Trainee: 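Starting off with a structure, shown below.
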2 protein chains.
Amino acid sequence: MNTPTISSSNCDNCPIRHRAVCARCNADELVELDAIKYYRTYEAGQTVIWSGDIMSFVSSVVSGVATLTQTMEDGRTQMVGLLLPSDFVGRPGRDGAAYNVVATTDVVMCCFRKKPFEELMERTPHIAQRLLEMTLDELDAAREWMLVLGRKTAREKIASLLSIIVRRGASLTPNSIGENVVFDLPLTREAMADYLGLTLETVSRQMSALKRDGVIVLTGKRHITVPNMGRLLEEAGDDSDGGYLV
Amino acid sequence: MNTPTISSSNCDNCPIRHRAVCARCNADELVELDAIKYYRTYEAGQTVIWSGDIMSFVSSVVSGVATLTQTMEDGRTQMVGLLLPSDFVGRPGRDGAAYNVVATTDVVMCCFRKKPFEELMERTPHIAQRLLEMTLDELDAAREWMLVLGRKTAREKIASLLSIIVRRGASLTPNSIGENVVFDLPLTREAMADYLGLTLETVSRQMSALKRDGVIVLTGKRHITVPNMGRLLEEAGDDSDGGYLV
DNA sequence: CGAGCCATTGACAGGTCTCAACCGTGGTGG
DNA sequence: CCACCACGGTTGAGACCTGTCAATGGCTCG
């Protein structure tokens with residue numbers, strides 16, 4: 001395992017301090033959380049959690065990208081969550097994991113022992129409030145995703161995924177002001193296919209098509225430049241304003 | 001409209017008393033909820049909420065069935081939620097509605113004025129706790145649905161939808177013990193298509209196919225008998241035990 | 001240099017959509 | 001009273017998009 005060293009057990013320097021499940025906690029509450037927390041690291045490709053596992057912890061993604069997937073008996077796989085820094089993993093009150101969690105890049109997790117975390121939640125409204133807020137956001141994201149899966153064409157699906165990654169990464173890579181948006185795909189073609197309910201061949205073909213049509217510029221396989229974000233949003237079939245204030 | 005009379009302003013007789021957002025509330029908390037609540041009824045086909053509307057209330061479905069849908073500019077529509085009795089509508093902390101809500105049967109809603117409800121939530125952990133629990137359940141349902149939308153065939157999608165309706169209706173129509181499961185579809189073919197990301201023609205064809213193959217028996221358009229529930233679950237591509245205790 | 005992985009591209013098959021005709025029921029108005 | 005329409009549903013024929021199977025290319029690493 002790479003660099004298991006945890007430089008900051010200190011929440012003050014934590015990159016997700018004000019966005020994760022602990023966002024609303026005050027100093028006293030952080031002390032309580034600190035007592036039940038530990039860090040774990042995972043290498044790219046490693047499975048963090050197997051569906052059905054008994055979970056002894058819940059956790060927050062500190063850095064890196066992981067996926068939440070569901071698999072049918074015959075192997076068909078659907079991604080049901082894309083876990084970026086600050087996202088929460090696990091369900092308080094449930095023992096078994098419902099999904100597979102796989103690290104797609106090297107990942108650092110901030111884990112809380114489950115039992116004490118649940119007890120802490122009982123008497124710390126700040127945690128439960130934040131978790132409710134985050135869960136409602138995830139539910140909205142899942143519903144937007146359902147529209148993508150159910151009603152969009154392959155080309156629109158790809159454009160939607162790229163838009164979502166840009167939107168979610170905006171806070172991480174603060175260069176989304178000008179026209180040119182640049183980012184690295186944290187997913188393989190296969191993972192993109194699992195996200196979008198497509199085959200990896202169709203993903204590849206549509207990526208090539210968007211490239212050919214000048215919607216995106218591909219440098220290597222993963223480095224992407226979007227010359228015109230409005231155009232990408234059009235291709236995604238979304239309202240051209242992106243749904244948020246312009 | 002059938003029986004718009006609200007016989008019970010009294011929570012004790014409420015059919016969703018122990019399943020809705022108020023499930024954990026004690027007598028004192030119910031009194032507070034009672035002060036900010038009112039009932040509304042909607043006829044089948046009526047739109048309850050338009051996406052983008054300013055919401056002055058949140059609510060629980062008391063009886064009937066409603067749908068939560070999202071629509072693209074060109075009219076493509078995806079259902080993102082199926083609202084059955086006890087389900088919660090609205091998002092505390094957000095002013096605008098994100099989805100359309102349409103009554104598919106006559107519906108009774110128990111509405112709470114939004115501002116006071118939010119204030120009550122702040123000081124009543126029982127409500128926030130229950131809402132978190134319900135939201136996590138909805139998120140799980142949305143993720144199961146994503147697998148259906150992204151990876152299942154039309155035939156599997158239909159079988160999955162019927163299974164879900166049976167499972168959710170089990171508590172409502174307590175006849176799911178024996179082999180024969182009987183129920184009425186609360187959805188038109190078009191609504192089923194919007195649920196599953198299909199066209200209504202494909203839904204109709206697959207319903208006919210399942211009927212022809214003896215998986216279901218159709219009486220009229222909406223009345224369904226499932227002679228062998230295990231068979232239906234197989235057709236849905238799910239684990240044969242249905243995920244729950246047999 | 002070969003192995004393994006990720007990705008691209010082609011040819012073809014097949015599942016679902018599109019367009020269209022038709023059926024049965026219930027309500028309505030001449 | 002009955003023609004007529006609206007509505008939900010079924011079925012057919014053909015087109016098209018995406019999946020399947022297969023071959024190939026580029027890259028990294030041992």
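This one's a predicted model, so the numbers in the text were calculated from it and none came from an experiment. Below, chain A is the first sequence line, B the second, and so on; all start at residue 1.
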Trainee: Quick check: does any side chain N or O of Asn100(A) sit under 3.5 Å from a backbone N or O of Ser51(A), one acting as donor and the other as acceptor?
Mentor: yes
Trainee: Polar pairs (N or O, both sides) under 3.5 Å between protein and nucleotides 12-20 of chain D?
Mentor:
| from | atom 1 | to | atom 2 | distance (Å) |
| --- | --- | --- | --- | --- |
| dG12(D) | N7 | Arg205(B) | NH1 | 2.8 |
| dG12(D) | O6 | Arg205(B) | NH2 | 3.3 |
| dT18(D) | OP1 | Ala154(A) | N | 2.8 |
| dG19(D) | OP2 | Thr199(A) | N | 3.4 |
| dG19(D) | OP2 | Thr199(A) | OG1 | 3.2 |
| dG19(D) | OP2 | Thr202(A) | OG1 | 2.5 |
| dT20(D) | O4 | Arg205(A) | NH2 | 2.9 |

Trainee: Do any side-chain nitrogens or oxygens of Arg222(A) fall under 4.0 Å of OP1 or OP2 in dC6(C)?
Mentor: no
Trainee: Separation of Leu200(A) atom CG from dC5(C) atom P, in whole Å?
Mentor: 14 Å
Trainee: Please list residues of residues 184-194 of chain A whose heavy atoms come under 4.0 Å from any atom in DNA chain C, ordered by number; otherwise none.
Mentor: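 Residues of residues 184-194 of chain A under 4.0 Å from DNA chain C: Thr188(A), Arg189(A).
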Trainee: In whole angstroms, how far is the P atom of dA7(C) from the CG atom of Leu210(A)?
Mentor: 16 Å
Trainee: May I ask you to decide whether Arg231(B) forms a salt bridge with Asp213(B), counting only side-chain N to carboxylate O separations under 4.0 Å?
Mentor: no
Trainee: Looking across every strand, which nucleic acid part, if any, lies under 4.0 Å from Ser208(A) by heavy atom: base, sugar-phosphate, or nothing?
Mentor: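 Counting heavy atoms under 4.0 Å across all strands, the contact made by Ser208(A) is with sugar-phosphate only.
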Trainee: So, the side chain of Gln78(B) versus the backbone of Tyr195(B): is there a donor-acceptor pair under 3.5 Å, distance only?
Mentor: yes
Trainee: Would you check if the side chain of Thr77(A) reaches a backbone N or O of Thr71(A) as a donor-acceptor pair within less than 3.5 Å?
Mentor: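 It does not hold such a pair.
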Trainee: Output the rounded distance in Å from NZ (Lys221(B)) to P (dG26(C)).
Mentor: 11 Å
Trainee: Over 60° means perpendicular and under 30° means parallel, so classify the ring planes of Phe57(B) and Tyr38(B), tilted if in between.
Mentor: perpendicular
Trainee: Please determine whether a side-chain nitrogen of the Lys or Arg among Arg76(B) and Glu156(A) lies less than 4.0 Å from a carboxylate oxygen of the Asp or Glu.
Mentor: yes
Trainee: Report the distance from atom CG of Leu218(A) to atom P of dG26(D), rounded to the nearest whole Å.
Mentor: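 So the CG-P distance, Leu218(A) to dG26(D), works out to 16 Å.
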Trainee: How long is the straight-line distance from CG of Asp194(B) back to OG1 of Thr67(B), given to the nearest 0.5 Å?
Mentor: 8.0 Å
Trainee: Expressed as a whole number of angstroms, how long is the span from Leu196(B):CG to dT16(C):P?
Mentor: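 About 12 Å, once rounded to whole Å.
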Trainee: Crowded around Glu201(A) CD? As in, over 12 foreign heavy atoms under 6.0 Å?
Mentor: yes
